[in-house]
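Take a look at the structure set out below.
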There are 2 protein chains.
Amino acid sequence: MRIGELSEATGVDVETIRYYERSGLLQEPERRANGYRAYGPVHLERLSFIRHCRALDMPLADVQRLLGFVERPQADCGDINQLIDEHLARVRARLKSMQALEKQLTALRTHCEAGHTAAECGILHELVAAAHGEACACHPGAAPKT
Amino acid sequence: MRIGELSEATGVDVETIRYYERSGLLQEPERRANGYRAYGPVHLERLSFIRHCRALDMPLADVQRLLGFVERPQADCGDINQLIDEHLARVRARLKSMQALEKQLTALRTHCEAGHTAAECGILHELVAAAHGEACACHPGAAPKT
DNA sequence: CCTTGACCCTTTAGCGGCTACAGGGTGTTC
DNA sequence: GAACACCCTGTAGCCGCTAAAGGGTCAAGG
């Protein structure tokens with residue numbers, strides 16, 4: 001199959017496929033006489049694997065490592081667990097900070113309803129207050145250290 | 001104050017301060033005879049404002065716009081609301097997908113405990129199964145369309 | 001006076017993971 | 001033979017920094 005077909009089949013953009021090849025994630029395919037890339041089932045599977053890992057937001061370096069395990073089936077599985085655990089820890093940490101952020105923004109948002117000028121805007125006041133190190137709706141813990 | 005002192009006072013890295021200046025977020029300060037940047041209270045306040053907005057994960061373009069409102073206090077506050085609402089929507093969307101991701105990874109993680117080879121690893125099997133478009137622990141909805 | 005070391009300067013390049021050109025070749029269809 | 005979809009390479013841009021190279025400045029200590 002040509003690159004466009006592979007793209008269609010996997011949902012991965014053509015440019016991204018070429019990028020994965022350049023990055024060494026996807027093995028270089030054969031070329032037809034006209035220079036077009038000719039992909040087979042191996043590439044389809046591998047690219048689908050990559051795509052799935054990316055859907056789980058794994059960095060490409062991790063995907064690379066996982067692909068290594070696929071190639072070396074006798075390797076120790078503990079390393080895979082560790083990889084997933086580390087990734088999960090990163091995701092959970094990020095999730096936690098996102099939740100805090102959502103709270104902060106929601107709090108900030110309550111400080112203004114439309115219909116007046118920026119000078120009277122509660123949101124802007126909050127942000128400026130924060131810039132002075134005062135306690136603000138969005139960062140309640142950040143009271144001045146006086 | 002010099003750039004190091006401003007950095008100390010705001011918690012923003014020296015390089016980042018220069019980067020903000022290059023990007024037009026922080027106004028260019030006066031220079032001393034030796035070429036050192038000389039900052040005043042104006043810069044301190046402005047940089048603190050920027051830092052606070054960044055703590056709320058706002059893109060620099062949004063921060064730029066907010067700074068515009070600070071400078072034009074008679075502008076319509078509705079635009080500020082809109083900016084915050086859009087940002088909040090982005091954050092919530094991201095939060096939702098992070099939560100789904102966390103679930104998917106947690107499900108995936110249950111498929112393996114250490115102590116065997118990659119060939120027997122449930123995690124790897126799940127990922128490969130997903131590459132075949134089969135239903136997997138991490139993407140239960142993605143069953144084959146046969 | 002000289003050296004050390006902390007600070008400052010500019011310019012440039014790199015990170016991750018794409019994405020978007022520019023400028024060309026190929027291959028099918030009307 | 002021309003239009004069009006597809007393919008190729010190479011390079012540059014996105015965001016928000018971060019780091020490094022290669023230098024200048026200045027105060028304190030010997």
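Within every chain, numbering begins at 1; the chains are lettered A, B, ... in the order of the sequence lines, protein sequences first and strands thereafter. Basis for what follows: all heavy atoms, side chains included, without hydrogens, waters or symmetry-related copies.
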Distance check: side-chain N/O of [X] vs OP1/OP2 of [N], anything under 4.0 Å?
{"X": "A:N34", "N": "C:dG27", "value": "yes"}
{"X": "B:Y20", "N": "D:dG16", "value": "no"}
{"X": "A:R37", "N": "D:dC6", "value": "no"}
{"X": "B:T16", "N": "D:dT18", "value": "yes"}
{"X": "A:R54", "N": "C:dC18", "value": "yes"}

Between [N] ([atom2]) and [X] ([atom1]): distance, integer Å:
{"X": "A:R94", "N": "C:dG16", "atom1": "CZ", "atom2": "P", "result": "17 Å"}
{"X": "A:Y19", "N": "C:dA20", "atom1": "OH", "atom2": "P", "result": "15 Å"}
{"X": "A:M58", "N": "C:dG16", "atom1": "CE", "atom2": "P", "result": "17 Å"}
{"X": "A:I3", "N": "C:dG27", "atom1": "CD1", "atom2": "C1'", "result": "17 Å"}
{"X": "A:I17", "N": "C:dG17", "atom1": "CD1", "atom2": "C1'", "result": "15 Å"}
{"X": "B:L6", "N": "C:dC7", "atom1": "CG", "atom2": "P", "result": "15 Å"}
{"X": "B:L60", "N": "D:dC14", "atom1": "CG", "atom2": "P", "result": "13 Å"}
{"X": "A:L26", "N": "C:dG17", "atom1": "CG", "atom2": "P", "result": "16 Å"}

message = Could you tell me if the side chain of B:H87 sits less than 4.5 Å from the side chain of B:P59, heavy atoms only?
response =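 B:P59 reaches B:H87 side chain to side chain.
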key: Position toward the 5' end of DNA chain C (nearest nucleotide), B:E5 or A:A61   =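 Closest to the 5' end, via its nearest nucleotide, is B:E5.
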ask   = Across the strands shown, which category fits A:R18 at heavy-atom distances under 4.0 angstrom: base, sugar-phosphate, nothing?
value =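 Base, at least one base heavy atom under 4.0 Å.
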request  = Quick one: label A:R32 by what it contacts on the DNA or RNA (base, sugar-phosphate, nothing), any heavy atom closer than 4.0 Å.
outcome  =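 Nothing, no nucleic acid heavy atom in range.
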key: A:P59 side-chain proximity, nearest of C:dG17, D:dC7, C:dA20   =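 Of C:dG17, D:dC7, C:dA20, C:dG17 is nearest to the side chain of A:P59.
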inquiry  = Consider side chain to side chain contact (heavy atoms under 4.5 Å, CB included). Of A:V63, A:L88, A:L66, which one does A:L83 pass it with?
reply    =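 For A:L83, the side chain to side chain contact (heavy atoms under 4.5 Å, CB included) test succeeds with only one of A:V63, A:L88, A:L66, which is A:L66.
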Base C:dG25 paired with A:Y36 side chain (donor-acceptor, <3.5 Å) =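 It does, because a donor-acceptor pair links the side chain of A:Y36 to the base of C:dG25 below 3.5 Å.
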inquiry  = Taking the nucleotide of DNA chain D with the nearest heavy atom to each, does A:G4 or A:R22 sit closer to the 5' end?
reply    =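 The answer here is A:G4.
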Check: B:F49 main-chain N/O paired with B:R46 side-chain donor or acceptor under 3.5 Å =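 Looks like no, no N/O pair under 3.5 Å.
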message = Donor-acceptor check, side chain of B:S7 to backbone of B:V12, threshold 3.5 angstrom: yes or no?
response =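 Flag set: sc B:S7 to bb B:V12 pair under 3.5 Å.
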inquiry  = Whether B:R90 and B:D62 form a salt bridge (side-chain N of Lys/Arg under 4.0 Å from carboxylate O of Asp/Glu) is what I want to check.
reply    =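 Salt bridge flag = yes for B:R90 with B:D62.
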